[in-house]
Amino acid sequence: RTRYIDSTHLGLIARLGTQFRARTGAKPPLLATRPEVVDLLRGMALHQVFDLVERIPDEEEDFKTVSPADQSPTETALAVLEAHRALAQLSSQNACKFRDIIDLLEHELHQERP
């Protein structure tokens, strides 16, 4: 069970929720039972994208472990950049928080490309 989520993973979650909502018109549920995680999700404005479910449903289903895909360093950097862009788009506060990291990642990726 999740105890900590870094900004890259928050951004990936935001992108998933945004894409789901764009395709279906509905907010997907996001299970978060730890108060500190719920506070973090709300602080990053993810409650605008997801219906936060703060208690485990009566019929708990099997949870699967997700393992990272094999990616090149450039692919990883692009994924991190897109994740932070997704977070920045959720609120003006997020845009301020993540502007520096977005600028840095864009600069580094630009330097890698010929």
Side-chain angles (χ1 to χ4, degrees):
R1 311 238 171 159
T2 300
R3 295 179 185 197
Y4 172 81
I5 308 171
D6 65 17
S7 58
T8 299
H9 288 97
L10 286 167
L12 293 172
I13 292 168
R15 287 184 68 200
L16 288 171
T18 301
Q19 289 175 7
F20 181 90
R21 192 168 184 186
R23 289 185 179 146
T24 67
K27 288 167 91 172
L30 181 60
L31 179 64
T33 58
R34 294 183 180 274
E36 62 275 16
V37 172
V38 172
D39 289 345
L40 176 64
L41 296 172
R42 288 186 189 285
M44 291 290 115
L46 286 167
H47 63 286
Q48 296 176 18
V49 179
F50 290 93
D51 281 325
L52 298 181
V53 178
E54 298 183 39
R55 63 180 175 77
I56 296 175
D58 293 334
E59 296 179 22
E60 184 176 349
E61 296 186 18
D62 293 335
F63 294 97
K64 296 183 180 181
T65 302
V66 178
S67 46
D70 291 327
Q71 291 183 323
S72 72
T74 300
E75 290 171 322
T76 300
L78 283 169
V80 170
L81 174 60
E82 290 305 316
H84 284 84
R85 283 179 176 161
L87 276 177
Q89 292 175 352
L90 292 180
S91 73
S92 59
Q93 288 179 325
N94 285 0
C96 291
K97 287 178 189 175
F98 297 112
R99 181 76 256 152
D100 290 342
I101 188 84
I102 291 169
D103 290 344
L104 177 65
L105 289 166
E106 288 173 342
H107 178 74
E108 287 181 1
L109 283 166
H110 181 71
Q111 296 297 321
E112 288 180 15
R113 294 182 182 173

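Sequential numbering from 1 along the given sequence is applied to the chain's residues. The shown structure was predicted, so the numbers you read here are calculated from the model rather than taken from an experiment.
- L16 and I5 are assigned to two separate hydrophobic clusters, defined by single-linkage of ILVMFWY side chains at heavy-atom distances under 4.5 Å.
- One distance of note links CG of L12 with NE2 of H84; it measures 9.0 Å at 0.5 Å rounding.
- Between the CZ atom of R42 and the CD atom of Q48 there is a distance of 11.0 Å, given to the nearest 0.5 Å.
- Side-chain atoms of K27 come within 3.5 Å of backbone N or O of H47 as a donor-acceptor pair.
- Across all non-hydrogen atoms, the minimal contact from I102 to A88 is CD1-CB, 3.8 Å.
- The shortest heavy-atom contact between V38 and A32 is CG2-O, 3.1 Å.
- By the criterion of side-chain heavy atoms lying less than 4.5 angstrom apart, applied directly or through intervening Ile, Leu, Val, Met, Phe, Trp or Tyr residues, F20 is not grouped with V49; the two fall into different hydrophobic clusters.
- Between the CG atom in L81 and the CZ atom in F98 there is a gap of 12.5 Å [rounded to 0.5 Å].
- Residue Q19 holds its CD atom at 11.5 Å from OG1 of T24, rounded to the nearest 0.5 Å.
- Between H9 and D6, the shortest heavy-atom distance links the atoms ND1-OD1, 2.7 Å.
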inquiry  = Applying side-chain contact (heavy atoms from CB on, under 4.5 Å) to D51 and L30, what does each step give before you reach the verdict?
reply    = CA-CA 6 Å; D51 281 325; L30 181 60; over 6 Å; no

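- Closest approach of S7 to L87, counting heavy atoms only: O-CD1, 3.2 Å.
- The distance from the CZ atom of R34 to the OH atom of Y4 is 15.0 Å, given to the nearest 0.5 Å.
- Taking both residues in full, the closest heavy atoms of R15 and A86 are given as CG-CB, 3.1 Å, listed atom of the first, atom of the second, then distance.
- Taken from CG in L105 to CZ in R85, the straight-line distance is 9.0 Å, to the nearest 0.5 Å.
- When the side chains of ILVMFWY residues are joined at heavy-atom separations under 4.5 Å, either directly or via intervening members, I101 and V80 end up in a single hydrophobic cluster.
- Here the rule is side-chain contact (heavy atoms from CB on, under 4.5 Å) with M44, and of L10, I13, L90 only L10 fits it.
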